[in-house]
*Asks:* 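Quick one: structure below, then a few questions.
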Amino acid sequence: YPSWRRTALRRARESQVKRFCRAQAIQRRLEEIEVTFRELEQQGIKLEKLLRDENESPADQQTQWTNQLLYLVQKKNNLMTEESDLMIAVQELKLEEQQCQLDQKLRTYMNKQATLKTPEDEKAEQEILKQLLAVVNKRNVLIDMQEEKRLSEL
């Protein structure tokens, strides 16, 4: 292989490894969120039972339990928002991977001399370009969605 091709392959492998590491980190965080959801759910159930069963308890105690319950709900909402962001990141990683694969396929067709290309090669090259454009548009939609979400949170 010429040196530019080796460099391109090495960079593609490096970016693939980075995507894989990010995907693993996202998966770990999603699992942590799931465990935290379950813990919050259990705590919420206990607090709801206390609020329902303890009508004779002091008003201070009921207020404290209500505040704790509201805190748990807020925490759960924050986790749901984070989970939503992570799911968008997963979709973005998948699209990045697709784009990288399509880029590599396209490079093989584009690196072929024009005189050696068959009509099937040219048709395949055009199809890959269409697919690549579709992937880029999907990534753009995800980015727009993230930006809208960020602005709405502000």
Side-chain angles (χ1 to χ4, degrees), residues 1-49 64-154:
Y1 289 127
S3 63
W4 62 269
R5 183 172 278 183
R6 282 194 307 267
T7 302
L9 289 172
R10 182 176 36 87
R11 286 187 182 154
R13 278 192 306 270
E14 288 171 357
S15 65
Q16 188 176 21
V17 167
K18 285 180 186 177
R19 281 191 302 274
F20 181 73
C21 289
R22 279 197 327 225
Q24 281 185 320
I26 289 171
Q27 184 62 38
R28 265 193 310 275
R29 183 61 188 140
L30 285 171
E31 289 169 2
E32 290 170 1
I33 288 173
E34 185 67 31
V35 168
T36 307
F37 271 152
R38 280 191 235 118
E39 291 170 357
L40 291 175
E41 191 72 29
Q42 293 301 316
Q43 291 174 7
I45 290 169
K46 287 178 187 174
L47 285 171
E48 282 182 32
K49 283 182 181 177
Q64 184 181 7
W65 290 336
T66 304
N67 288 339
Q68 287 176 349
L69 190 61
L70 290 174
Y71 174 75
L72 291 178
V73 169
Q74 181 183 17
K75 209 170 174 185
K76 187 173 181 181
N77 287 341
N78 290 340
L79 286 173
M80 288 176 68
T81 301
E82 183 181 355
E83 183 180 41
S84 170
D85 291 342
L86 290 172
M87 295 308 290
I88 290 172
V90 166
Q91 290 175 346
E92 195 172 344
L93 281 174
K94 286 179 182 176
L95 290 173
E96 267 183 54
E97 182 65 29
Q98 274 184 319
Q99 184 177 350
C100 185
Q101 290 172 356
L102 289 170
D103 277 340
Q104 288 176 349
K105 286 181 184 178
L106 185 62
R107 285 177 200 270
T108 59
Y109 285 112
M110 292 179 89
N111 288 333
K112 231 179 196 184
Q113 291 181 4
T115 56
L116 299 177
K117 286 184 184 178
T118 65
E120 292 82 22
D121 289 341
E122 290 177 10
K123 188 176 179 180
E125 185 177 339
Q126 291 302 314
E127 183 60 34
I128 290 171
L129 273 172
K130 285 181 189 176
Q131 291 174 358
L132 192 57
L133 185 61
V135 168
V136 169
N137 286 335
K138 287 177 185 176
R139 287 185 70 191
N140 193 35
V141 166
L142 282 178
I143 290 169
D144 289 344
M145 212 166 54
Q146 285 177 319
E147 185 64 20
E148 285 177 23
K149 190 175 178 182
R150 186 186 68 80
L151 290 174
S152 70
E153 288 173 358
L154 291 176

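Hydrogens, waters and symmetry mates are skipped; everything else that's a heavy atom, side chains included, is used. Because the structure is a prediction, the values reported are computed rather than measured.
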*Asks:* Within the distance-only criterion (no hydrogens, no angle test), does the side chain of Asn140 pair as donor or acceptor with the backbone N or O of Val136 below 3.5 angstrom?
*Replies:*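 Absent.
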*Asks:* With a 4.0 Å cut-off on N to O distance, would you call Arg22 and Glu92 a salt bridge?
*Replies:* no
*Asks:* Work out which heavy atom in Leu116 is nearest to a heavy atom in Asp121; give both atom names and the distance.
*Replies:*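 Nearest pair, atom of Leu116 first, then Asp121: O-OD2, 4.2 Å.
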*Asks:* Please determine whether a side-chain nitrogen of the Lys or Arg among Arg10 and Glu14 lies less than 4.0 Å from a carboxylate oxygen of the Asp or Glu.
*Replies:* yes
*Asks:* Is the closest basic N to carboxylate O distance between Glu32 and Arg29 below 4.0 Å?
*Replies:* yes
*Asks:* Which atom names give the shortest non-hydrogen contact between Lys117 and Tyr109, and what distance separates them?
*Replies:* CE-O, 2.9 Å
*Asks:* Counting only heavy atoms not in Met145, do more than 12 sit closer than 6.0 Å to its CE atom?
*Replies:*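 Counting other residues, nucleotides and ligands, CE of Met145 exceeds 12 neighbours.
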*Asks:* What's the spacing between Ile26 CD1 and Cys21 SG if we round to 0.5 Å?
*Replies:* 11.5 Å
*Asks:* We want to know whether Lys149 and Thr81 form a side-chain donor-acceptor pair, criterion being a heavy-atom distance below 3.5 angstrom.
*Replies:* no
*Asks:* Under a 4.0 Å threshold between the charged nitrogen and the carboxylate oxygen, would Glu97 count as salt-bridged to Arg19?
*Replies:*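 Looking at Glu97 together with Arg19, the answer is yes, because their closest N to O distance falls below 4.0 Å.
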*Asks:* Side chains of Leu95 and Gln98, heavy atoms from C-beta outward: is any pair under 4.5 Å?
*Replies:* yes
*Asks:* Between Lys112 and Glu125, is the closest basic N to carboxylate O distance under 4.0 Å?
*Replies:* no
*Asks:* Quick check: does any side chain N or O of Thr7 sit under 3.5 Å from a backbone N or O of Ser3, one acting as donor and the other as acceptor?
*Replies:*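 Side chain of Thr7 to backbone of Ser3, a donor-acceptor pair under 3.5 Å: yes, one is there.
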*Asks:* Using a strict cut-off of less than 4.0 Å between a Lys/Arg side-chain nitrogen and an Asp/Glu carboxylate oxygen, indicate whether Arg150 and Glu153 qualify as a salt bridge.
*Replies:* no
